[in-house]
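Please read these numbers as outputs of a predicted model, since none were measured by experiment. Read the numbers this way: they start at 1 and go in the same order the structure lists the ligands and their atoms.
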Amino acid sequence: MLIENIVNTIYEKGYSITQDFVSSKIIDDLLIEFEKQKLNLREANIGKNENKLLAKEIRSDKIVWLERTTELSNLFFSSLDELIIQLNRRCFLGVNDFEFHFACYETGTFYKRHKDAFTNDAARKISVILYLNKSWQASHGGELMIYTKDSEIKVEPKAGTLVVFESILEHEVLLSNATRISLTGWLKRG
Ligand code: OGA
Ligand code: NI
């Protein structure tokens, strides 16, 4: 039912925001996995653009890609299967693949307004973000802004909130005043 609601909302509006999508147990397990992978965090780039200085002016988060074989697959990825099935049925997206990374925004970092499709990878159809920040405060900033034809939506990156949106939508991560962790990925047509 929950997934059905998400898919209906995406079909109608292009995006969906769900609080408490996963249990706090899953959040904790994902944070443990993040801690294990922390040493492998690398500065994120911006698609094919090799200019590192330019990239830093656009985004300053660090990421670590997830291996499909991590235990994580069983936790969060299994709930994605149903999402993919229903999205394909309702929105004819032909999604047959996905990729995920942890993203870490340290204090003072951001990601300027951009689209996920066409810059990095035209195969990206749907962006999916699960936030993992357990004691997030409004004063920490770091909101996700989603820009549609007729509205601007602001999302606080609180633990358990799941955001799913069409990768052609413009969006932005506002300056973060605290460490901001998420599991971010894309449903793709390979
Ligand atoms: C991205 C992105 C948004 C967020 O990684 O492309 O826009 O809220 N992330 O973390
Ligand atoms: Ni993005």
Side-chain angles (χ1 to χ4, degrees), residues 6 9-10 13-22 27 30-31 33-34 37-38 40-49 52 54-66 72 76 80 83 93 95 97-148 151-188:
I6 291 174
T9 315
I10 293 170
K13 301 199 289 190
Y15 67 89
S16 111
I17 300 156
T18 312
Q19 289 183 5
D20 301 318
F21 181 74
V22 295
I27 300 283
L30 290 171
L31 282 169
E33 186 63 31
F34 171 76
Q37 307 229 13
K38 224 172 157 178
N40 298 320
L41 281 170
R42 295 287 178 269
E43 276 168 17
N45 57 37
I46 46 168
K48 295 188 177 71
N49 200 321
K52 287 224 158 108
L54 175 65
K56 279 229 118 182
E57 285 170 22
I58 295 171
R59 70 184 297 188
S60 39
D61 58 325
K62 291 188 174 169
I63 62 167
V64 52
W65 288 101
L66 287 183
L72 215 75
F76 176 62
L80 280 183
L83 179 65
L93 290 172
V95 166
D97 195 11
F98 57 74
E99 56 183 1
F100 272 82
H101 62 53
F102 284 114
C104 181
Y105 290 75
E106 293 293 356
T107 299
T109 61
F110 53 82
Y111 194 161
K112 297 246 168 93
R113 188 165 169 160
H114 67 281
K115 294 178 190 177
D116 292 344
F118 307 123
T119 52
N120 275 340
D121 190 339
R124 291 176 171 181
K125 299 296 170 204
I126 298 283
S127 304
V128 180
I129 308 169
L130 178 68
Y131 297 109
L132 304 176
N133 308 298
K134 286 170 87 171
S135 43
W136 198 258
Q137 308 290 318
S139 62
H140 292 156
E143 295 95 343
L144 167 69
M145 297 294 303
I146 301 174
Y147 303 99
T148 69
S151 61
E152 296 187 356
I153 304 99
K154 201 181 226 186
V155 188
E156 273 195 275
K158 285 187 176 160
T161 297
L162 180 82
V163 183
V164 184
F165 59 92
E166 291 175 315
S167 300
I168 51 167
L169 284 183
E170 291 196 350
H171 57 282
E172 171 175 16
V173 178
L174 302 181
L175 184 72
S176 188
N177 301 313
T179 302
R180 176 193 192 273
I181 301 163
S182 64
L183 180 59
T184 298
W186 294 273
L187 310 184
K188 311 205 300 177

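- Side-chain atoms of Thr184 never come within 3.5 Å of backbone atoms of Ile129 as a donor-acceptor pair (strictly under, hydrogens ignored).
- Ligand 1 has no N or O atom lying under 3.5 Å from any N or O atom of Asp61, backbone or side chain.
- For the side-chain hydrogen bond (donor to acceptor under 3.5 Å, both in side chains) with His171, the lone residue among Arg113, Lys115, His114, Glu152 that qualifies is His114.
- A salt bridge is absent between Glu106 and Lys62: the closest approach of a Lys/Arg side-chain nitrogen to an acidic carboxylate oxygen does not fall below 4.0 angstrom.
- In this structure, His114 is part of the shell of residues with a heavy atom less than 4.0 angstrom from ligand 1.
- Rounding to 10°, one obtains 90° for the angle at the Ni ion (ligand 2) between NE2 (His171) and NE2 (His114).
- Closest to atom 5 (O) of ligand 1, if we only count protein heavy atoms, is Thr184 CG2, 3.9 Å.
- By the 3.5 Å distance cut-off applied to N or O atoms, Asp116 is counted among the residues near ligand 1.
- Ligand 1 has a nitrogen or oxygen under 3.5 angstrom from a nitrogen or oxygen of His171.
- Within the structure, the closest approach of Trp186 to ligand 1 falls below 4.0 Å when heavy atoms are considered.
- Under the 3.5 Å distance criterion, the side-chain polar atoms of Asn133 are matched with a main-chain donor or acceptor of Ile181.
- In this structure, the protein non-hydrogen atom closest to atom 10 (O) of ligand 1 is Arg180 NH1, 2.9 Å.
- At the shortest separation from atom 8 (O) of ligand 1 among protein heavy atoms lies Tyr131 OH, 2.6 Å.
- Shortest distance from the Ni ion (ligand 2) to Asp116 is reached at OD1 (N/O/S atoms only).
- The aromatic rings of Trp65 and Trp186 lie tilted to each other, with the angle between the two planes from 30° to 60°.
- If you take CZ on Phe165 and CD1 on Ile126, they are separated by 9.5 Å, rounding to the nearest 0.5 Å.
- Considering backbone and side-chain N/O of Tyr111, none are found under 3.5 Å from N/O of ligand 1.
- Under the 3.5 Å distance criterion, the side-chain polar atoms of Asp61 are left unmatched by any main-chain donor or acceptor of Tyr111.
- When non-hydrogen atoms are compared, ligand 1 lies under 4.0 Å from the side chain of Ile129 (C-beta onward) but not from its backbone.
- Between the side chains of Glu172 and Tyr147, a donor-acceptor pair is found at a separation under 3.5 Å.
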